[in-house]
Every structure is written in structure tokens, then in C-alpha cells.
Amino acid sequence: MILASSNPSFGQIDDPIAKLQADAVATRKSDWGHWGPNPDTYSSWKTHSNRLIPVYTFGIDLQSVGGENSLYRDAAAIEKLYGYLPEKTLNPQAEYIDQTDVYRLQKQAIESGKKRVILFVFDGMDWDITRAAAIAKLGKVAYHEGRGEGLHFQDYRGAKTDFGYCVTSPHNDGTSVSVDQQTVTNPYGKLRGGYDAELAGAAPWQPITDPDYPIGKGKTIKHAYTDSASSATSLTCGIKTYNAAMNVDSVGREALPIARTLQEQGFAVGVVTSVPISHATPGCAYANNVHRNDYQDLTRDLIGQPSIYHPGGLPGVDVLIGGGWGIDKDKDGAQGKNFVPGNRYIAPDDLAAIDTQNGGKYVVAQRTSGVAGSDVLNKGVQNAKENGQRLFGFFGAQGGHLPFRTADGNYNPVVSFGNPKPAAAEKYSEADLHENVKLSEMAIAAIDVLDSRSDRWWLMVESGDVDWANHSNNIDNSIGAVHSGDDAFEAVVNWIEQNGGWDETALILTADHGHYLNLVRPEALIQTTGK
């Protein structure tokens, strides 16, 4: 049965933000905002950009890496980071940090005595998307620069907190690889990274003077913009690398993610995502590969099975919960010769091998026909805790992600921008909604299991559907995805406050990259009560 509200026609849309989206797609124009450099069309760009990205910290601050300590004030530090000195990237007045500093902040937190580190990644959420979600939730345009207000992670003051913004540009774009050989075939790619603050702004809210610069097509200078794999590698390993690299450097050599370093020290480690389990960001929490699309091998690293990069296998994470359920393929050339027909993200024999019912290490909690997803997950958590076992949670609807939440708090997407025709809205059955879980439930489930295994743990939580919504140029889905992630943040904070507080906990909330939303008339987003 398809929910009647899941795909209303243009004339039936009562929700204001959904109507803004549907009307903009239908007319291909909008007076309230647009995606991309061309203000004359609603969509002129559907992928990432080189904008500065917000960073919020809790339990720690940014003083060691920001302001006068910004590496972008030091030519030698920039050259060490990139392996070259990108043109127009040195800025003696830089206040911003680099994305690799997020890795260093995690290390510093551990060195200062923190026992729990949480890396919270809103995939694709730049400052403009954050502001759109805050306006929709708060019901007013409350700020025009800075940290902002209206979302839980903007307003929370229960711990030491700080705000800044970072450069996400990669080492390069255009590197080619061999998945079967796990080698890089053209080191250094086609277009190098860097950041020119005079063109893209020294802060996220400052004007962009060359609208084509953030997408690698600047009139005077060109710098590469990142993908999610390169940027996630920066977050977890502290290095710059090529687009599509999964914890390998610019020539394909292995980089060690912080989760594995901490695991060797006795920390429990976990990964949670609203999108498929081995997509770029969750995969970079633990795995290695020369290319992000080698999903089954990335999952093998995550769950401790032999992979093409690690034939002897890695120890595997303690908790992995995410999407990808029900996405089957007979062939997938991007995954190389060892692709196994079946689920695209976890090979059937790997899933069987890790199941405790077959002698494996993981309690498997996966979407089950007719059973509430929360019940499936809660049962898995209890079994894992009672028996000292690991937890693997596997959910998802069409596309492999959790159902898209919309700005009104429901799950009723409208059309996305398409060319030449609008892209159809996703439709969710009652089963899709009943049998799945929310990101907030995933996050708390992971924390409960991790905390039962060690008093020291590291966790990545990814609100990955923000990125999917932005690739679709869908403001309704984007706002809903940010709100969903914000609810997960609130749930995590509540758990921390009820379990020892912030003395031993550090949380860093950021994004891996931005997109290219331009809010021309932000007050248009006030037309909702928020949820």
C-alpha cells in the first residue's frame, strides 16, 4: 500500500516548503533561491562546491587550530598539507581551519583525557543549508552571519562549545585507479586543490566574487572541489588526497583512520549512517580502498572479513548500523572482479559469516517484514549487550537510505529538479516507514552497545541524506534531513548528560563538503511551523 500523502500533485500541496520546491521545479525558476552559479534558473549545479564548511565543537574548542593558529597563514604548513603550495591559498588573515584539523582535534581530545569521542557528520551541509533548516524550524530569519540559532546543535550550551569553518578542497580531482589491482594509475590527477578566500569568501556568509570558482571553473584561477571520500579521509586520517580515495594518500598508500588507532588502544569503535553502510563517509571511518565504489570490499573491512585491500582481514568495528538493505545487483563493474551478485553493499556470504547464529561476531538486526524497525534494533542491542557481542544493523528503503524526512516532519517528498523533466518523488509504503528506524534510534543503539563493551569509545554518526537531498536540488528534503540529524544530535546529547556528562566526552559536528544553494529571499522559508 502506498501512502496517499507520499506524492501529492502540485495542486494538492498544503505544506509551504514542499510547495516552494514543487513550484520551482515546475517553472525552473525561483525568486527565493537557486542552486548553482546561475540566478536565472532554479538549478544550474547539482553537485558539490568549494565553500567553507561549519564546524561546531562540544567539550573542546578550536583555539589550537583556528585564528592565529590557522595553517592557512603559514606557507610551509600549506605546502606540507597539500604537497605543493596552491596558488592564492596563503592568507595571513585566515580565521578558518582546514578539514584535516578535525582529525587533529580528535587526537587532541584523546590526549587531553577524553574517553568518548563522537564525530557527527552532516554530509553535504554547508552554512547556507544549515541556515535554511534553522529558519524553517525557528519560524524567523534570526541571523545573517556566524554560528546561528534555531537548531539544537546551534543553541546547545550544556558544554564548552565553539564554532568555526573549514576548507574542504582535496589534493586533486581526476585521479584514475584500478580497483582490481588497488593502484593509482595517474598520480596527482587533473586539477589540484586550494582555496582562494578573495573569490569564495573568508567566511561562509561572505559574497562569492567569482560564482564559477567554487565549482572548479573560475575565470582567473581553478581549484578542485572535494567529493565525500576525499573529505571523509581528511576527517578520519588528517591528510589531503584525491577525490574517490578511501583512506589512501594521493598515490594510493594506506592511511590509518583514527578509529583503528584507538581500537589498538582498547577503544570500542562504531559507525552509524542513514545511507548505505559502506558509502564514502561511513566507509572512511575504518576501511581502505583506492575507490569509493568498491562497496562490498569496504564493508568487508568494516566487519572484519578478508578484503581486496586487507586479504588477512581487519579486526572490524564493534558496531555498524546503516542502510543498504534490499539493494541487490547481479553485476557491478565498479566493484571489480570479486563482486558477488546479491546485495550491493554486503555480499550474502559475508553477512552469513558474521552472524552470531552461524558462529560469527555480530548480532544481526536487519529490516524484517511486518516488524517495527525500532523493535528489531532494540532486540539486537539487548542481545549484543547481554552476550558481549557486536552489533550489525541493516535497514533502508528505496535507494538503500532511510526514508527521506521532509521539512514538515513527515515522510512525503515532492519532485526534485530533473532535466528535461522533473525527477519523480520517492514514495514510501507503510512497511517502509514501519520497518525502518530513525537516525536518532541508530545513534543511541550504537552508543548503548559501545558503552557496554568499553568505557572508552569512538563513534561516527552520519546524517547522509542531507547530501542526497542536495544533489537532487530538493530544499524540502534537505531541510528535513538536517532536522533529522539535529534530532539525533539532541538524543546523543541527552545520553551524554545522563551518563557522566562532558568531562570525558568530546563531540565534533561538521560536514564533509557543501553544495551550492543560494538563499536570495530567506524569509520565504518562514512559511512553516517546523517540527
Side-chain angles (χ1 to χ4, degrees), residues 48-55 57 62-108 111 119 121 164-175 184 187-202 204 213-214 216 221-258 261 280 284 288 508 510-514:
H48 308 168
S49 74
N50 205 11
R51 286 169 147 180
L52 294 170
I53 295 302
V55 181
T57 62
L62 295 167
Q63 291 183 10
S64 65
V65 294
E68 64 182 15
N69 294 317
S70 171
L71 65 84
Y72 284 97
R73 298 189 181 197
D74 183 343
I78 298 171
E79 187 169 2
K80 181 180 179 181
L81 178 64
Y82 286 87
Y84 52 87
L85 184 60
E87 188 179 358
K88 299 291 187 180
T89 298
L90 176 64
N91 179 4
Q93 284 78 47
E95 295 292 326
Y96 44 82
I97 68 175
D98 188 72
Q99 191 163 52
T100 56
D101 288 322
V102 173
Y103 166 83
R104 284 179 273 281
L105 289 168
Q106 294 172 77
K107 285 189 65 177
Q108 291 171 12
E111 291 165 357
L119 177 60
V121 182
Y165 28 94
C166 69
V167 173
T168 65
S169 192
H171 181 278
N172 76 81
D173 183 48
T175 287
V184 169
Y188 309 112
K190 299 178 180 178
L191 180 63
R192 290 182 167 186
Y195 187 77
D196 187 342
E198 291 184 359
L199 298 181
Y213 171 74
I221 186 172
K222 294 178 174 63
H223 285 139
Y225 61 88
T226 193
D227 82 321
S228 291
S230 169
S231 56
T233 298
S234 291
L235 294 171
T236 60
C237 295
I239 65 169
K240 292 287 188 185
T241 190
Y242 62 89
N243 283 343
M246 298 290 290
N247 292 342
V248 297
D249 69 9
S250 59
V251 294
R253 295 173 297 201
E254 180 178 15
L256 191 64
I258 191 169
T261 301
C284 278
N288 301 98
I508 304 171
T510 187
D512 53 350
H513 57 75

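The model shown is predicted, which means the values in this text are computed figures rather than measured ones.
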*Distance-minimising heavy-atom pair for Ser231 and Gln99*: CB-OE1, 3.2 Å
*Does Lys190 have any side-chain contact (heavy atoms from CB on, under 4.5 Å) partners at least two apart in sequence or in another chain, and if so, which?*
none
*Where is the tightest heavy-atom contact between Cys284 and Thr233, given as atom of each residue plus distance?*
SG-OG1, 3.4 Å
*Give a yes or no on whether Lys222 atom NZ has more than 12 heavy-atom contacts from other residues, nucleotides or ligands under 6.0 Å away.*
yes
*Who passes ring-ring contact (aromatic ring centres under 6.0 Å, His included) against Tyr82, sequence neighbours left out?*
Tyr84
*asked:* Has Ser70 got a side-chain atom pairing as donor or acceptor with Tyr96's backbone, closer than 3.5 angstrom?
replied: yes
*Where is the tightest heavy-atom contact between Cys166 and Val55, given as atom of each residue plus distance?*
SG-CG2, 4.0 Å
*Below 4.5 Å, heavy atoms only, C-beta onward: do Tyr165 and Arg51 meet side chain to side chain?*
no
*What's the shortest heavy-atom distance between Ala197 and Asn91, and which atoms?*
CB-ND2, 3.8 Å
_Ring-plane angle category for Tyr213 and His223, please: parallel below 30°, perpendicular beyond 60°, tilted otherwise._
perpendicular
*Find the distance between OG (Ser169) and CZ (Arg192) and round it off to the nearest 0.5 Å.*
12.0 Å
*Do Asn247 and Thr236 meet the criterion of a side-chain donor-acceptor pair at a distance under 3.5 Å?*
yes
_Is it true that, when you exclude Glu198 itself, more than 12 heavy atoms of the residues, nucleotides or ligands shown sit nearer than 6.0 Å to its CD?_
no
_Using 0.5 Å steps for rounding, measure from the OG1 atom of Thr168 to the CG atom of Asn50._
5.5 Å
*Short side-chain to backbone donor-acceptor contact, Asn288 and Ala255, under 3.5 Å*: yes
*Could you walk me through whether Tyr242 and Val248 pass the side-chain contact (heavy atoms from CB on, under 4.5 Å) test, one step at a time?*
CA-CA 9 Å; Tyr242 62 89; Val248 297; 3.5 Å; yes
*asked:* Can you list everything that forms a salt bridge (Lys or Arg N to Asp or Glu O under 4.0 Å) with Asp196? Sequence neighbours excluded, please.
replied: none
*Give a yes-or-no answer on whether the side chains of Asp98 and Tyr72 include a donor-acceptor pair shorter than 3.5 Å.*
yes
*Strictly by modelled atom types, are Ser230 and His171 linked by a side-chain donor-acceptor pair under 3.5 Å?*
no
*Any sub-3.5 Å donor-acceptor pair from Asp512's side-chain atoms to Ala232's backbone N or O?*
no
*Verify, without hydrogens or angle tests, whether Asp101 (side chain) and Ser64 (backbone) share a donor-acceptor contact under 3.5 angstrom.*
no
*Does Ser234 reach the side chain of Val102, with side-chain heavy atoms less than 4.5 Å apart?*
no
*Flag, side chain of Arg73 to backbone of Gly67, donor-acceptor distance under 3.5 Å*: yes
